[in-house]
Amino acid sequence: MASAASSTRTQESPGEAIDDSVLTSKVKVALIDDPITKGRPDHVETIAAVVQLGGFVDNTQQKAQATKVARSVTGVKEVRNDLRVSTKPHATAGQDVDDSMLTGAVKSKLMEDSTTKAYQISTWERKRAW
């Protein structure tokens, strides 16, 4: 019965989930406040005090700075930087909305398909690394 309460790589205790969400929030705020990163990266996730950064940045300076900023947050044990330097100009707000709508439409179709185990599919590929 003791094993049911312990956390594993895929299961966090309630306290760990709260701590990780607090760390994620602190990292996001620090990235927004930083003049180089300006709120980038797009995706920040924390599991067991390990912060994973994902998405696109404009240049290598932003990528390096994002790691530095995330590491500076008290409580962060490790930073995994999976950021990619964008090779195309910034997307417009309309393009971002279109991408979100497309993602939502794909998720919806996967949920409707009885042969697809949609709950096992991640729309962000990096989750498989955990």
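Proximity of Q52 to I47: side-chain heavy atoms (C-beta onward) are nowhere separated by under 4.5 Å.
Across every non-hydrogen atom of Q62 and D58, the tightest pair is OE1-N, 2.7 Å. L53 and V44 make their closest contact through CD2-CG2, 4.0 Å (heavy atoms, listed as atom of the first residue, atom of the second, distance). Closest of all the heavy-atom pairs between V51 and A70 is CG1-CB, 4.5 Å.
Partner of R71 under the side-chain contact (heavy atoms from CB on, under 4.5 Å) criterion, chosen from V69, V73, T67: T67.
Between the NZ atom of K68 and the CD1 atom of I36 there is a distance of 7.5 Å, given to the nearest 0.5 Å. Interatomic distance, R84 CZ to D42 CG, rounded to the nearest 0.5 Å: 12.5 Å. Taken from CD in E45 to CG in D82, the straight-line distance is 11.0 Å, to the nearest 0.5 Å. Separating the NZ atom in K63 from the OG1 atom in T60 is a distance of 9.0 Å, to the nearest 0.5 Å.
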Exercise answer: donor-acceptor pairs, residues 24-31 side-chain atoms, under 3.5 Å, sequence neighbours excluded:
residue, atom, partner, partner atom, Å
T24, OG1, D20, O, 3.0
T24, OG1, T46, N, 3.3
T24, OG1, T46, OG1, 2.7
S25, OG, S21, O, 3.1

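A49 is linked by a side chain to side chain contact (heavy atoms under 4.5 Å, CB included) to L23, K77, counting only residues two or more places apart in sequence or in another chain.
A single hydrophobic cluster is seen to contain both L83 and V85, as judged by linkage of ILVMFWY side chains at heavy-atom distances under 4.5 Å, directly or through other members.
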